[in-house]
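Throughout, numbering of the chain's residues begins at 1 and tracks the sequence.
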Amino acid sequence: LLLMMANTAFAAFEVVAIVNEKELTSFELNEELQRILPMAGDYHGEVSKEKLAGIKEEALKNLIEKELLYQYALEKGITISKKELDAEFSKIEKKFASSKKFKEALKQSSLTKEELKGFLKKRLLTAKVKEVEVTSKAKYSEADVKEYYEKNKASYKRPVEFKASHILIKVDPSATKEDKEKSLNQAKELIARIKKGEVFEDLAVKYSDDKGSGSIGGMIGTFHKGTADPAFEKAMLSLKVGEISDVVETLYGYHIIKLTGIRPETQLTYDDVGASIKSKQEKKKGEELYKNLIDELKSKAKIEIVNK
């Protein structure tokens, strides 16, 4: 709303929808658009025409739902205090450099203070309805969370984790047969040297073309099944801790792999996952409650889209 006041002037507000005889304006629609747009852009903040059309549809949908919730609040006697409304109004006013700048923004937006307070009241009441009818009813007690954990305990396991190092002899995809053969022989020679007693980590530092891992003895971290290159993973899984592989070819070149550790599958405890379960289940339940409420309100409402 602040952005709308500061950056947009309206000669008149067009009606974009009518909900139970209450007109919704282009000012409100643009406020909703400004809320969504920052989250919808690509890496450069740009939004395509096709995506913008979809965003406008979403903004109108959101606007209608908020109006339904507002009307529901009035019907059910859900209220906000004058203190809450004044505090919200004050937050916006304080965003401006001075009282004069604030009044200028109101004038540019063709809004009076009372009209602005009307928009703010609708926003606060909508939020209050969500709190009363959705958030408060979606709460999961600790007993609920523990029960869910026990019923789904098998799903909460940390998979087997493999720790590995490698020496990479890089091969360019466009390399000639002779160059590939030379690189393969180099990898084989390194394996022979390791088997004769030279230290894998020292050779990684000296010869690996993966300079990032090579500088720390070839250490490339941990893997779960299905996360590494298929050929690399197949060779790694065939090893015992401390063993090295034969030469393994991938798109990057030739690898010599050393399996340095295995952490077996472990059961995650309630303390590990309880907070996550509570958050996910409350979110899921809240979404269901919100959808049911909106569906019910829409089924009883008369909604007209103007100049769609």
Side-chain angles (χ1 to χ4, degrees), residues 39-46 48 149-150 152-280:
M39 300 179 284
D42 59 19
Y43 181 78
H44 302 288
E46 297 177 353
S48 67
Y149 169 76
E150 290 299 334
N152 299 275
K153 200 170 183 178
S155 303
Y156 295 103
K157 291 183 178 180
R158 184 179 286 115
V160 179
E161 194 171 76
F162 301 89
K163 189 175 182 182
S165 298
H166 80 152
I167 297 171
L168 172 66
I169 305 302
K170 193 173 182 180
V171 178
D172 191 288
S174 62
T176 64
K177 183 178 179 181
E178 291 75 17
D179 287 338
K180 290 184 73 174
E181 189 72 24
K182 182 179 177 181
S183 296
L184 177 59
N185 288 334
Q186 183 185 356
K188 289 179 177 179
E189 286 171 12
L190 289 171
I191 290 175
R193 289 171 65 176
I194 293 167
K195 288 182 176 179
K196 287 179 181 179
E198 292 193 54
V199 178
F200 178 98
E201 288 75 15
D202 292 343
L203 294 177
V205 170
K206 190 170 183 180
Y207 295 105
S208 181
D209 290 326
D210 180 356
K211 299 305 179 184
S213 68
S215 65
I216 51 175
M219 185 169 63
I220 48 176
T222 57
F223 302 86
H224 298 131
K225 285 184 180 180
T227 60
D229 176 274
F232 187 101
E233 182 174 292
K234 183 179 179 181
M236 179 182 68
L237 295 180
S238 71
L239 301 173
K240 294 179 180 177
V241 174
E243 288 183 342
I244 64 166
S245 69
D246 290 328
V247 177
V248 178
E249 184 177 3
T250 72
L251 291 172
Y252 303 101
Y254 297 114
H255 305 258
I256 305 164
I257 304 166
K258 180 178 180 180
L259 184 63
T260 59
I262 299 176
R263 188 178 70 179
E265 180 182 78
T266 54
Q267 177 66 56
L268 295 170
T269 68
Y270 173 78
D271 288 341
D272 291 329
V273 297
S276 175
I277 291 173
K278 179 178 172 66
S279 175
K280 288 178 181 178

Original post:
Which is it for Y254 and V248 under the side chain to side chain contact (heavy atoms under 4.5 Å, CB included) test, yes or no, and what are the steps along the way?
Top reply: CA-CA 6 Å; Y254 297 114; V248 178; over 6 Å; no
Original post:
So, D172 versus S174: side-chain donor-acceptor pair below 3.5 Å or not?
Top reply: yes
**OP:** Determine, for E201 against K206, whether the closest basic-nitrogen to carboxylate-oxygen distance falls under 4.0 angstrom.
**Re:** no
Original post:
D272 and T269: side chain to side chain donor-acceptor pair (under 3.5 Å), yes or no, with the steps?
Top reply: CA-CA 5 Å; D272 291 329; T269 68; 3.1 Å; yes
Original post:
With side chains defined as the heavy atoms from C-beta onward, is the minimum distance between V247 and K188 less than 4.5 Å?
Top reply: yes
Subject >> Student check: side-chain heavy atoms of E161 and H224 closer than 4.5 Å >> reply: yes
Original post:
What orientation do F223 and F232 show, parallel under 30°, tilted 30 to 60°, or perpendicular over 60°?
Top reply: tilted
Subject >> Beyond-backbone contact of Q267 with R158, side-chain heavy atoms, under 4.5 angstrom >> reply: no
**OP:** Can you establish whether the number of heavy atoms outside K278 located under 6.0 Å from its atom NZ is more than 12?
**Re:** yes
Subject >> Option from K258, M219, R263 for which side-chain contact (heavy atoms from CB on, under 4.5 Å) with K163 holds >> reply: M219
**OP:** Work out which heavy atom in L190 is nearest to a heavy atom in I256; give both atom names and the distance.
**Re:** CB-CD1, 3.7 Å
Subject >> Value rounded to 0.5 Å, distance of CD1 in I169 from CG in N185 >> reply: 11.5 Å
**OP:** State, yes or no, whether a side-chain contact exists between K170 and Y252 at a heavy-atom distance under 4.5 Å.
**Re:** no
Original post:
Closest approach of I191 and S245, non-hydrogen atoms and distance?
Top reply: CD1-O, 3.7 Å
Subject >> Straight-line distance of Y270 OH to E150 CD, nearest 0.5 Å >> reply: 10.0 Å
Subject >> Side chains of R193 and Y207 in contact at under 4.5 Å (non-hydrogen atoms) >> reply: yes
Original post:
Is S208 reaching over with its side chain to a backbone N or O of V205, donor-acceptor style, under 3.5 angstrom?
Top reply: no
Original post:
With side chains defined as the heavy atoms from C-beta onward, is the minimum distance between I262 and V160 less than 4.5 Å?
Top reply: yes
Subject >> Side-chain donor-acceptor contact under 3.5 Å, D210 with S213 >> reply: yes
Subject >> Residue K211 excluded, over 12 heavy atoms near NZ under 6.0 Å >> reply: yes
Original post:
Can any side-chain N or O of E265 pair as donor or acceptor with the backbone N or O of K157 at less than 3.5 Å?
Top reply: no
Subject >> Min side-chain heavy-atom separation K225-M236 under 4.5 Å >> reply: no
Original post:
Could you give the distance from CZ (F162) to CD1 (I257), rounded to the nearest 0.5 Å?
Top reply: 12.5 Å
Subject >> Validation row: I167, H255 side chains within 4.5 angstrom (heavy atoms) >> reply: no
**OP:** Keeping the roles fixed (side chain from E233, backbone from P230), state whether a donor-acceptor pair exists under 3.5 Å.
**Re:** no
**OP:** Please report the shortest heavy-atom distance between S183 and V171, naming the atom on each side.
**Re:** CB-CG2, 3.8 Å
**OP:** Please answer whether the main-chain N or O of V273 pairs with a side-chain N or O of S276 as donor and acceptor at a distance below 3.5 Å.
**Re:** no
**OP:** Drop me the distance from S165's OG to L259's CG, to the nearest 0.5 angstrom.
**Re:** 9.0 Å
**OP:** Just do the side chain to side chain contact (heavy atoms under 4.5 Å, CB included) check on I244 and L239 with the steps written out, would you?
**Re:** CA-CA 7 Å; I244 64 166; L239 301 173; 5.9 Å; no
